[in-house]
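Protein chains get the first letters and strands the later ones, always in sequence-line order, with residue 1 at the start of each. Side chains included, hydrogens not; waters and symmetry mates left out as well; all remaining heavy atoms used.
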There are 2 protein chains.
Amino acid sequence: MKNRLKLLRAERDWSQGELATRLGISRQSVNAIETGKYDPSLPLAFRIADLFALRIEDIFLRDEEGAGE
Amino acid sequence: MKNRLKLLRAERDWSQGELATRLGISRQSVNAIETGKYDPSLPLAFRIADLFALRIEDIFLRDEEGAGE
DNA sequence: GAGGCATGTCAATGACACTTTACATTATGT
DNA sequence: ACATAATGTAAAGTGTCATTGACATGCCTC
């Protein structure tokens with residue numbers, strides 16, 4: 001399960017801490033998700049999608065998706 | 001976090017056990033998700049969406065969504 | 001009424017999501 | 001050189017996801 005979180009965050013010039021605050025989670029959780037340590041829970045994935053006004057499928061990708069690029 | 005799992009399963013005439021097998025999880029897990037005991041992990045949510053050929057947002061709903069119906 | 005099937009639920013266990021505290025690194029500014 | 005901000009990482013703790021095994025119910029059929 002890959003994700004485009006780091007990219008989306010960079011587009012908005014947000015630090016990990018700032019994104020964490022907006023999501024109501026810890027900075028370390030943001031870091032862990034970005035660096036692929038684990039996947040967020042489904043409710044958190046929805047909050048992330050809402051924050052960026054995107055669909056979950058546009059932020060989180062199956063491991064094959066977009067891999068060959 | 002609500003979900004339309006029971007409905008989608010009924011449309012296909014699958015038992016909880018049959019759905020569980022197709023998803024590679026236990027029957028009790030299917031039951032627990034359907035009865036709202038907990039939400040699936042994000043990877044499992046993707047597997048469910050793939051199985052029904054739907055988007056996650058079309059199966060799992062924020063608590064407000066479609067509530068007033 | 002006995003047998004099978006689908007469902008709901010409970011207890012116990014292991015794995016993972018998320019937390020706090022803490023430390024190291026790198027870059028920037030004074 | 002010192003301080004600050006951002007990032008990466010680690011350990012320990014809590015709660016939730018998901019597991020198996022078991023038991024009870026209702027339905028359907030024989």
*Taking CD from B:Q16 and C1' from D:dG26, how many angstroms apart are they, rounded to a whole number?*
14 Å
*asked:* What is the distance, to the nearest angstrom, from the OH atom on A:Y38 to the P atom on D:dA10?
replied: 14 Å
_Quick check on D:dG8: is either OP1 or OP2 less than 4.0 Å from any side-chain nitrogen or oxygen of A:T35?_
no
*Report yes if a side-chain nitrogen or oxygen of A:R47 is closer than 4.0 Å to either non-bridging phosphate oxygen (OP1 or OP2) of C:dC18; otherwise report no.*
no
*Round to a whole Å and report the spacing from CG of B:D39 to C1' of C:dC16.*
15 Å
*Whole-Å gap separating P (C:dA24) and CG (A:N31)*: 17 Å
_If you assign each of B:R27 and A:I25 to its closest nucleotide in DNA chain C, which residue comes earlier from the 5' end?_
B:R27
*Passes side-chain contact (heavy atoms from CB on, under 4.5 Å), B:M1 versus B:Y38? Steps please.*
CA-CA 9 Å; B:M1 192 104 277; B:Y38 52 72; over 6 Å; no
*Provide, to the nearest angstrom, the distance between the CH2 atom belonging to A:W14 and the C1' atom belonging to D:dT7.*
18 Å
*Distance-only donor-acceptor test, B:Q28 side-chain atoms vs C:dG8 base atoms, 3.5 Å*: no
*Would you say D:dT9 has OP1 or OP2 under 4.0 Å from some side-chain N or O of A:K37?*
yes
*side chain to side chain contact (heavy atoms under 4.5 Å, CB included) with B:L51: which of B:L8, B:L23, B:I59?*
B:L23
_Sole residue of A:K6, A:E34, A:Q28 in side chain to side chain donor-acceptor pair (under 3.5 Å) with A:Q16_ = A:E34
